[in-house]
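Data first, discussion second: the structure below is written as structure tokens.
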Amino acid sequence: MKSGRREREGPQSKGFAFPDWAYKPESSPGSRQIQLWHFILELLQKEEYQGVIAWQGDYGEFVIKDPDEVARLWGIRKCKPHMNYDKLSRALRYYYNKRILHKTKGKRFTYKFNFSKVVLVNYPILDMANSPFFLAQNHFNGSTGTPDCSPEVRGVG
DNA sequence: ACCGGAAACT
DNA sequence: AGTTTCCGGT
């Protein structure tokens with residue numbers, strides 16, 4: 001039988017799930033703040049946000065059901081009170097060239113992840129054996145979405 | 001709604 | 001580098 005870890009699967013998710021190691025606590029080396037695509041993944045992972053953003057359609061495809069709310073939540077996380085969908089979507093558009101995302105044309109508020117890129121670039125799968133991802137996964141899942149500007153995470157020293 | 005250049009900010 | 005802000009164009 002397969003030795004891989006079981007994939008996360010919500011009760012009502014239609015067979016779609018990320019492998020556990022796709023979850024990462026923070027951003028890639030270089031930037032300290034959470035990245036937008038991490039945040040999107042985070043919302044997508046939680047069932048309480050299925051009315052706001054959810055997987056839909058093809059593999060890796062998701063639809064933003066409530067653009068204003070997603071923008072609001074992103075604004076809270078980044079402490080940008082004036083965030084809106086216009087600006088958030090600009091950030092998503094920068095992912096096109098980076099090949100992290102692309103737009104599903106014709107479908108409103110619908111984008112699609114390029115998992116091969118997202119996964120391979122950000123997580124050295126080959127190094128999974130002794131990677132901190134399995135540990136990080138717990139950290140990630142335990143995250144309640146504390147804003148990066150929160151005093152809790154800001155300066156302790 | 002969606003696109004992408006340009007400049008500013010971190 | 002990864003956005004945030006702004007905006008003219010489709």
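Quick note on labels: first sequence line is chain A, next is B, and so on, each numbered from 1.
For the OP1/OP2 pair of C/dG2 and a distance below 4.0 Å, the side-chain nitrogens and oxygens of A/Gln33 include no atom meeting the criterion. The phosphate of C/dT4 (OP1 or OP2) has a side-chain N or O of A/Lys78 nearer than 4.0 angstrom. Here A/Arg93 reaches the OP1 or OP2 of B/dC3: one of its side-chain N or O atoms lies under 4.0 Å away.
Side-chain proximity of A/Trp74 to B/dA1, C/dT3, B/dC3: nearest is C/dT3. For A/Lys87, taking side-chain heavy atoms from C-beta onward, the closest of the listed nucleotides C/dT3, B/dG4, C/dC6 is C/dC6.
What separates CD1 of A/Ile34 from C1' of C/dG2 is a distance of 13 Å, to the nearest Å. Separating the OH atom of A/Tyr96 from the P atom of C/dT3 is a distance of 14 Å, rounded to the nearest angstrom. In this structure, A/Asp86 places its CG atom 12 Å from P of B/dC3, rounding to the nearest Å. The interatomic distance linking A/Leu92 (CG) with B/dC3 (P) rounds to 10 Å, in whole Å. Across the protein-nucleic acid pair, A/Leu88 atom CG and C/dT3 atom C1' stand 10 Å apart, rounded to whole Å. Straight-line distance from the CG atom of A/Leu101 to the P atom of B/dG4: 13 Å, rounded to whole Å. For A/Met83 and C/dT4, the CE to C1' distance is 6 Å, given to the nearest whole Å. Atoms CH2 (A/Trp37) and P (C/dA1) sit 17 Å apart, rounded to a whole Å.
At a cut-off of 3.5 angstrom, the base of B/dA6 holds at least one donor-acceptor pair with the side chain of A/Tyr94. Judged by distance alone with a 3.5 Å cut-off, a donor-acceptor contact links the side chain of A/Arg90 to the base of B/dG5.
With DNA chain B read from its 5' end, the first of the two nearest nucleotides for A/Ser89 and A/Asn97 is the one closest to A/Ser89. If you find the closest nucleotide of DNA chain B to A/Lys80 and to A/Tyr85, the one lying nearer the 5' end belongs to A/Tyr85.
Distance check, rounded to the nearest 0.5 Å: CD1 of A/Ile53 to NZ of A/Lys65 gives 10.0 Å.
Side chain of A/Lys103 to main chain of A/Lys107: a donor-acceptor pair is present (N/O by atom type, distance under 3.5 Å, no hydrogens or angles). Of the possible polar contacts, one joining the A/Asn84 side chain to the A/Lys87 backbone as a donor-acceptor pair under 3.5 Å is found.
The side-chain heavy atoms of A/Arg77 and A/Ile34, taken from C-beta on, include a pair separated by under 4.5 Å. Between A/Leu36 and A/Tyr94 there is no side-chain heavy-atom pair separated by less than 4.5 Å.
Close placement of the A/Tyr59 and A/Phe115 rings is indicated, their centers lying within 6.0 Å of each other.
Within the 4.0 angstrom heavy-atom criterion, no nucleotide atom of any strand lies near A/Lys105. Among the protein residues, A/Leu36 comes within range of the sugar-phosphate backbone only, with heavy atoms under 4.0 Å from sugar or phosphate atoms but none that close to a base. In this structure, A/Phe39 reaches neither bases nor backbone, as no heavy-atom distance under 4.0 Å exists between it and the strands shown. Here A/Arg108 lies in heavy-atom contact (under 4.0 Å) with sugar-phosphate atoms only.
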